[in-house]
Amino acid sequence: MSKNTSADKFRRVNVDDYDENNYVDEEEGGENQLGPDEAEVDASIRQGNLNAALHAALKNPPINTKNQAVKDRAENTVLKVLTSFKSNDIEKAVQSLDKNSVDLLMKYIYKGFEKPSENNSAILLQWHEKVLAAGGVGSVVRVLTARRTV
């Protein structure tokens, strides 16, 4: 037998530090996230510049915050912009977005599907069709597997 069988120094190593599959909670950092600027979005809608309103609505997403009121306000702002578009202009608006904005828009579309209202679902389905064409199936998979929600 070995002389050091009663040694317990090896037990002081935290093996979770070396496990690559160990879950680590994301950093908060969401206290300063207030969502999109509603005044800027409303001004763009009133001026008829819906593409600028869409970009402004997607600009500061409250992803890291746990404040549900901020998330609801951001969702309502984005849905107001989406319902303002005519069906002919949706494709051009989606084409003007980058990959991350397309994924973020897909998150808001699925969030809108959670709480359907009168005419909301039909409009969201039109948006989903165009965003799916632009982002592909990968966009849907990224949204459904994302830990951070809007």
Side-chain angles (χ1 to χ4, degrees), residues 11-150:
R11 293 188 179 136
R12 292 192 178 110
V13 174
N14 186 1
V15 293
D16 288 335
D17 290 341
Y18 302 105
D19 185 13
E20 58 198 36
N21 294 326
N22 188 19
Y23 174 74
V24 177
D25 199 13
E26 308 262 339
E27 299 95 28
E28 288 298 314
E31 297 84 22
N32 297 333
Q33 290 184 335
L34 301 175
D37 184 13
E38 293 180 50
E40 181 183 356
V41 171
D42 289 339
S44 296
I45 290 175
R46 272 188 259 114
Q47 293 172 358
N49 193 353
L50 296 178
N51 282 339
L54 180 63
H55 286 279
L58 297 176
K59 195 182 325 183
N60 188 14
I63 292 178
N64 292 331
T65 186
K66 292 186 178 181
N67 187 350
Q68 192 60 38
V70 171
K71 289 186 174 196
D72 290 341
R73 193 169 51 243
E75 175 191 359
N76 291 335
T77 302
V78 172
L79 290 179
K80 179 171 43 171
V81 172
L82 295 182
T83 56
S84 299
F85 272 87
K86 295 180 182 175
S87 58
N88 299 340
D89 300 332
I90 293 175
E91 189 169 359
K92 286 183 249 174
V94 171
Q95 296 300 327
S96 71
L97 298 174
D98 63 341
K99 179 182 170 188
N100 292 332
S101 296
V102 168
D103 288 350
L104 180 63
L105 181 58
M106 188 66 89
K107 283 183 183 183
Y108 279 115
I109 290 171
Y110 280 121
K111 187 79 170 176
F113 283 146
E114 289 178 7
K115 301 177 209 167
S117 63
E118 299 171 7
N119 194 17
N120 206 8
S121 296
I123 294 169
L124 288 176
L125 281 172
Q126 289 177 348
W127 275 94
H128 186 272
E129 176 188 2
K130 304 300 182 189
V131 172
L132 181 64
V137 178
S139 177
V140 174
V141 172
R142 285 189 294 274
V143 168
L144 294 178
T145 60
R147 290 184 184 168
R148 298 183 202 164
T149 60
V150 289

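Side chains are part of it too, since the values below use all heavy atoms of this structure and drop only hydrogens, waters and symmetry mates. Start at 1 with the first residue, then count along the sequence.
With S101 contributing its side chain and L97 its backbone, the two residues share no donor-acceptor pair below 3.5 Å.
In this structure, CG on N64 lies 4.5 Å from CZ on R148, to the nearest 0.5 angstrom. Here Y108 contributes atom OH and L54 contributes atom CG; the two are 11.0 Å apart, rounded to the nearest 0.5 Å. Note: K130 NZ to S87 OG = 8.0 Å, rounded to the nearest 0.5 Å. Note that the NZ atom of K92 and the CG atom of L50 stand 11.0 Å from one another [nearest 0.5 Å]. To the nearest 0.5 angstrom, I123 atom CD1 is 13.0 Å from K86 atom NZ. Atom-to-atom distance recorded for T83:OG1 and L79:CG is 7.0 Å, nearest 0.5 angstrom.
With contacts defined as side-chain heavy-atom distances shorter than 4.5 Å, the pair W127/F85 qualifies. A 4.5 Å side-chain heavy-atom check between K71 and V150 finds every atom pair outside the cut-off. For the pair K111 and T149, the minimum side-chain heavy-atom distance is 4.5 Å or more. You'll find the side chain of L82 stays beyond 4.5 Å of the side chain of I90, heavy atoms only. Between D37 and N60, the closest side-chain pair of non-hydrogen atoms is not below 4.5 Å. When side chains are defined from C-beta on, E75 does not count as touching V78, because their heavy atoms never get closer than 4.5 Å. In this structure, the side chains of K59 and E40 come closer than 4.5 Å at one or more pairs of heavy atoms. Within the 4.5 Å cutoff, side-chain heavy atoms of I63 are placed close to those of K107.
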Side chain to side chain donor-acceptor pair (under 3.5 Å) between H55 and S44, worked out: CA-CA 10 Å; H55 286 279; S44 296; over 6 Å; no
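The two residues V70 and P62 come nearest to each other via the heavy atoms CG1-CB, 3.7 Å. In terms of heavy atoms, A57 sits closest to V81 at CB-CG2, 4.1 Å. Taking both residues in full, the closest heavy atoms of T65 and N67 are given as OG1-N, 3.2 Å, listed atom of the first, atom of the second, then distance. Heavy atoms only, all atoms of each residue included: V102 and G135 are closest at CG1-CA, 4.0 Å. Across all their heavy atoms, G112 and L124 have their closest contact at C-CD1, 3.5 Å.
The aromatic rings of H128 and F113 are tilted relative to each other, their planes meeting at an angle between 30° and 60°.
Counting heavy-atom neighbours within 6.0 Å of K115 NZ, excluding the residue itself, gives a total above 12.
S96 and N51 form no side-chain donor-acceptor contact under 3.5 Å, judged by distance and modelled atom types alone.
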